[in-house]
*Asks:* 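Mind having a look at this structure? Questions to follow.
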Amino acid sequence: MSPKNKRAIRTALQTLAAVAAVLPALAALVADSALTVTAPWIVAAAATTATAAGAVSRLMASPTVEALLDRVGLGLVDDADGGAR
């Protein structure tokens, strides 16, 4: 697996973990209100958020975006084994 794909997957997992941390509180809020029918939508929104984060991470790993980020001082410097320094 390429380092770019690994970074995208890691970003998606990190986002999913962050959303999962907030989801119980959100579910409790929904359960206490008349919005119970929105619970499946909330779970779908969490999954969509993680997927979108992974896609954006993969896009940012492209050479074109990386070159743009390098110009503004936000690029990564990779060593030979694909790890950032």
Side-chain angles (χ1 to χ4, degrees):
M1 184 179 300
S2 76
K4 292 177 184 179
N5 287 338
K6 287 180 184 178
R7 288 180 185 145
I9 291 169
R10 284 182 15 204
T11 299
L13 290 174
Q14 291 166 354
T15 304
L16 189 59
V19 169
V22 175
L23 206 56
L26 194 55
L29 178 70
V30 169
D32 289 342
S33 70
L35 300 174
T36 310
V37 295
T38 62
W41 180 87
I42 292 171
V43 172
T48 303
T49 300
T51 302
V56 169
S57 174
R58 182 64 176 98
L59 176 67
M60 289 187 69
S62 74
T64 305
V65 175
E66 188 62 37
L68 176 66
L69 291 173
D70 281 339
R71 274 199 260 168
V72 296
L74 296 174
L76 295 176
V77 178
D78 288 341
D79 55 14
D81 64 354
R85 289 189 273 155

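These numbers come from a predicted model, not from an experiment.
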*Asks:* Are Val56 and Val65 connected in a single hydrophobic cluster, I mean Ile/Leu/Val/Met/Phe/Trp/Tyr linked by side-chain heavy atoms less than 4.5 Å apart?
*Replies:* yes
*Asks:* Within this structure, what is the CG-CD1 distance for the pair Leu16 and Ile9, rounded to the nearest 0.5 Å?
*Replies:* 13.0 Å
*Asks:* Looking at every heavy atom in both Ala53 and Thr15, which two are closest together, and how far apart are they?
*Replies:* CB-OG1, 3.2 Å
*Asks:* If you look at every heavy atom in Ala12 and Gly54, which pair is closest and at what distance?
*Replies:* CB-CA, 3.9 Å
